[in-house]
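The structure appears below as structure tokens.
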There are 2 protein chains.
Amino acid sequence: MNPRNTKATIFDVAERAGVSIKTVSRVVNNEPNVRERTRNRVLQSVRELSYQPNAAARELSGKRSRVIGLIYENAQEFGYLNDVFNGALGICEPAGYSLLLRPLTLPDSKITEHIRQFAINARLEGIVLPAPMGDLPEVLALLREMRIPFAAITPREPAPDEINILCNDEAASFSLTELLIGQGHQAIGFIKGHPDHGASAKRFAGYRHALKKNRFAYAAPLVRQGYFDFDSGRIAAGKLLDLAEPPSAILASNDDMAAGAIFEARERGLTIPGDLSVAGFDDTRFSSRIWPPLTTVRQPIIKMAETAAGLLIDKLNGSATKAPEAPFECEVVIRESTAHLT
Amino acid sequence: MNPRNTKATIFDVAERAGVSIKTVSRVVNNEPNVRERTRNRVLQSVRELSYQPNAAARELSGKRSRVIGLIYENAQEFGYLNDVFNGALGICEPAGYSLLLRPLTLPDSKITEHIRQFAINARLEGIVLPAPMGDLPEVLALLREMRIPFAAITPREPAPDEINILCNDEAASFSLTELLIGQGHQAIGFIKGHPDHGASAKRFAGYRHALKKNRFAYAAPLVRQGYFDFDSGRIAAGKLLDLAEPPSAILASNDDMAAGAIFEARERGLTIPGDLSVAGFDDTRFSSRIWPPLTTVRQPIIKMAETAAGLLIDKLNGSATKAPEAPFECEVVIRESTAHLT
DNA sequence: CAGCAAGCTGACAGCGTTGTCAATATTAGC
DNA sequence: GCTAATATTGACAACGCTGTCAGCTTGCTG
């Protein structure tokens, strides 16, 4: 009943359909110049035999390896990567592509060499670059030089003919800031993200934009540099709370730093959100599990990864280039870590 | 300076070394019957040309695909999987194997069909089964039937000739329970893990063992069923706290459930660890980031995954079977969510 | 030093596809 | 209805490697 442990070959299909293997190849690869009747006959046999082309033979014969690489930062928040993996895998498999992972530890002075080796050894046809990989100029330069198509997921100005997936970080940051303003907060601290990440600038821009629109003066001491990790959030929050006039709300550029801020506030005996409102960005796995649950911004990562992989595969398959996608919509998730100023 | 975008073939190496391609093949595959001098000459050429065999040609010609699958539960705590991925990838790549990921959503009534298709399509030579995949009897049965070697990471009774990696869950659970007992807790609640996971039974056994050794009566109401997720931990903790004589400490079978327990306790106005000590299992990413930081147990997941992949590859390469590994050692990590009873 | 086994090496045929190009079938044009 | 042009099909050679097997070298035995 089940297909056995073996696979039908192109010969089996050809024989059953009464055509040459070359014709089967044409049908399977959607090439033109096959009569409709013939095509149907072949497709029928393909179905009956559950034929699937042998990837190794294909790669050896043609130039195509049908392998896509996914390069990611190892230390990265893993909920994000989980979604990226799932999105990309979900698209690659049905399309007949394999997805190969390559963790990288940043900073990495030999990063281009690592990627080059990876690309050559695995014979990659294309590469998916989740943030922050798409933010590294040397990586982009390398891939352009090697002429390997890639799809970056990052708020980058998309170069012509390059695939870039982004969401409206800035608008979400704007909304989140306005939410805090609407709650009566007058002094809102901001913890910036890692300067090498494209998202950092966008999120900061949204904050400034909201301040401006609401006629708040921009106060430099209320803005601190963080690096997207828990500890940097904790330290930055500490500095904000040390101010003579500390903020009543802190907006961190991601949830790890927001968790750090909450941790630091707790250590100082402050209650959240009574004494301090805290909001983050990303809606990671633990955002809803810490106490209090974190107000944050959710991105449709899975969809973004699916789109990235899909557009990349379209490009590799030589399909018509899709119109550049509009940014994906982020969603502000309001939980209990933020509250109206009493 | 850098190797170019192209790869040397076996012909290039053979020519340079002045031997036939077959001899190069022998050297590269570590086959016997090559004179030492010849072997060195070939290795020299291999090095000079940075030769790496073409995987597609190898697969097409020989029977070996050098592809290993990694099947995992999608919803899984991702810090665990991150470590598994990194461990396995770190071993596979240098050994010349590719690692293909396959997320699965449990429960899955068609799981065997999914795995079968995956194995056939990707021509898997072997499979790594992180928990809880190695706990599913139908999966094990399928792989045995298909004669695909696998390495399970789970506290399972290792069948002869099968690779199984485990750590001393039970001993760690025992220590953790004794820790709580040592802190003066008289009533210690326990939240069991998902019944389909092998680890659940082990962790529970450690708890019971510690009670027994310390001459504590086993009280059934203090033990609640959980399913390794946050919500089930929350619910189970709720039931424990509803008891007429609630426990002063709760040991949850993983950190997600421990986080749920803390959450629930907070909602009821209890302070941790003042009113209630809570401990978990796994040392996930957020264990040290919630407040208070969680007392838990850390497993050497990366090493376990490395060992699993390494033994599997050894088996595929036909190397001598290693002696069965001793269980890996877990480490109890004491943080602030547990305290002496005052 | 012949005779034989074991050690070493290479020629050659696949492996299952795709690319090339020639052969054949169909259609269009007049 | 015939020819030219075009659409469809197939024969065959790669692709880069491993398996098989035969041939050539050694080294050992008596």
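- Heavy-atom contacts from other residues, nucleotides or ligands closer than 6.0 Å to CD of B/Glu15 number 12 or fewer.
- Rounding to whole angstrom units, CG of residue A/Asn54 and P of D/dC15 are separated by 18 Å.
- Contact between A/Phe150 and A/Leu140 at its shortest, heavy atoms only, is CE1-CD2, 3.6 Å.
- Shown here is A/Arg47, whose CZ atom has more than 12 heavy atoms of other residues, nucleotides or ligands within 6.0 Å.
- Between the C1' atom of C/dC15 and the CZ atom of A/Arg58 lies a distance of 16 Å, rounded to the nearest Å.
- You'll find that the side chain of A/Arg35 is closest to D/dT8, out of D/dT8, D/dT18, D/dA14.
- Between the side chains of B/Asn29 and B/Arg58, at least one donor N or O sits under 3.5 Å from an acceptor N or O.
- At whole-Å resolution of the value, CZ in B/Arg37 and P in C/dC8 are 12 Å apart.
- Using modelled atom types, one finds no donor on one side chain facing an acceptor on the other under 3.5 Å when comparing A/Arg41 with A/Gln44.
- The interatomic distance linking A/Ile120 (CD1) with D/dG16 (C1') rounds to 17 Å, in whole Å.
- Taking a cutoff of 4.0 Å between a charged side-chain nitrogen and a carboxylate oxygen, B/Arg64 and B/Glu125 qualify as a salt bridge.
- Rounding to whole angstrom units, CG of residue B/Asp12 and C1' of D/dC17 are separated by 13 Å.
- Two residues, B/Leu60 and B/Glu36, neighbour DNA chain C, and the one matched to the more 5' nucleotide by heavy-atom proximity is B/Glu36.
- To the nearest angstrom, P of C/dG16 lies 10 Å from OH of A/Tyr51.
- With rounding to whole Å, A/Phe11 atom CZ is found 14 Å from D/dG10 atom P.
- Rounding to whole angstrom units, CZ of residue B/Arg64 and C1' of C/dG16 are separated by 19 Å.
- Within residues 20-33 of chain A, the residues that have a heavy atom under 4.0 Å from DNA chain D are, in order of number, A/Ser20, A/Lys22, A/Thr23, A/Arg26, A/Asn33.
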